Amino acid sequence: VLLILVGAFVYLNYSNPKLADHQALLIRKLNAEAAIPAEVQSRIWQDVDFSNFMVCSVTKTTLDSKMITIGYLNKVKLINEGWIEETLKRYQSKSTY
């Protein structure tokens with residue numbers, strides 16, 4: 001039984017999505033709404049914090065720690081749909097486009 005648990009833990013750690021996977025999903029979602037230039041993308045990533053818990057990974061906002069995405073088993077899911085709208089409004093209002 002212990003060997004099965006260790007094997008499951010190792011597999012979950014191996015299949016845990018990386019930061020690049022989370023960023024790719026968020027960029028796809030943001031670009032579906034409006035084109036995001038590279039310099040704006042770098043500023044967006046400054047407001048996003050990545051945490052790796054070995055069996056799952058999450059991104060969250062740096063200001064209020066609201067979860068944005070969660071990743072496990074090579075899949076990344078957007079949890080906070082409102083983050084997309086808030087981010088687009090924030091960076092469009094600064095007229096960076």
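Throughout, numbering of the chain's residues begins at 1 and tracks the sequence. Side-chain atoms are counted along with the backbone in the values below, which use heavy atoms only and exclude waters and symmetry mates. Values in this document were obtained by computation on a predicted structure and should not be read as measured data.
In the displayed structure, Phe50 atom CZ is contacted under 6.0 Å by more than 12 heavy atoms of other residues, nucleotides or ligands. More than 12 non-hydrogen atoms from other residues, nucleotides or ligands lie less than 6.0 angstrom from CG of Leu5. Within a 6.0 Å sphere centred on NZ of Lys75, heavy atoms belonging to other residues, nucleotides or ligands number 12 at most.
Residues Val40 and Leu88 share a single hydrophobic cluster, defined by chaining ILVMFWY side chains whose heavy atoms lie under 4.5 Å apart. No path of Ile, Leu, Val, Met, Phe, Trp and Tyr side chains, each step under 4.5 Å between heavy atoms, connects Phe53 with Val76, placing them in separate hydrophobic clusters. Cluster annotation: Val48 is connected to Ile27 through the hydrophobic network of ILVMFWY side chains, with a link wherever side-chain heavy atoms come within less than 4.5 Å.
Residues Gln23 and Trp45 form a side-chain contact, since some pair of their non-hydrogen atoms from C-beta on lies under 4.5 Å apart.
With rounding to the nearest 0.5 Å, the separation of CE in Met67 from CG in Leu78 is 10.5 Å. Here the straight-line distance linking atom CG of Asn31 with atom CD of Gln41 works out to 6.5 Å at 0.5 Å rounding. Rounding to the nearest 0.5 Å places CD1 of Ile84 at 7.5 Å from NZ of Lys29. Atom NZ of residue Lys60 and atom OG1 of residue Thr69 lie 11.0 Å apart, to the nearest 0.5 angstrom. Rounding to the nearest 0.5 Å places SG of Cys56 at 12.5 Å from NZ of Lys77. Here CD1 of Ile68 is found 6.5 Å from OG1 of Thr87. Values are rounded to the nearest 0.5 Å.
The backbone N or O of Ile36 sits nowhere less than 3.5 Å from a side-chain atom of Tyr91 that would complete a donor-acceptor pair. In terms of modelled atom types and a separation under 3.5 Å, the side chain of Asn16 and the main chain of Asn52 share no donor-acceptor contact. At distances below 3.5 Å, not a single donor-acceptor pair connects side-chain atoms of Asp47 with backbone N or O atoms of Ile44. For the pair Thr62 (side chain) and Asp49 (backbone), a donor-acceptor distance under 3.5 Å is absent. In terms of modelled atom types and a separation under 3.5 Å, the side chain of Ser57 and the main chain of Pro17 share a donor-acceptor contact.
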As a quick check of understanding, evaluate side chain to side chain contact (heavy atoms under 4.5 Å, CB included) for Val55 and Phe9, giving each step before the final call.
CA-CA 7 Å; Val55 295; Phe9 181 77; 3.6 Å; yes
Walk me through it: do Leu12 and Leu73 pass the test side chain to side chain contact (heavy atoms under 4.5 Å, CB included)?
CA-CA 6 Å; Leu12 287 171; Leu73 296 175; 3.5 Å; yes
Begin with the C-alpha distance, continue with both residues' side-chain angles, and end with the deciding distance and a verdict on side chain to side chain contact (heavy atoms under 4.5 Å, CB included) for Leu26 and Trp83.
CA-CA 10 Å; Leu26 292 174; Trp83 181 85; 3.7 Å; yes
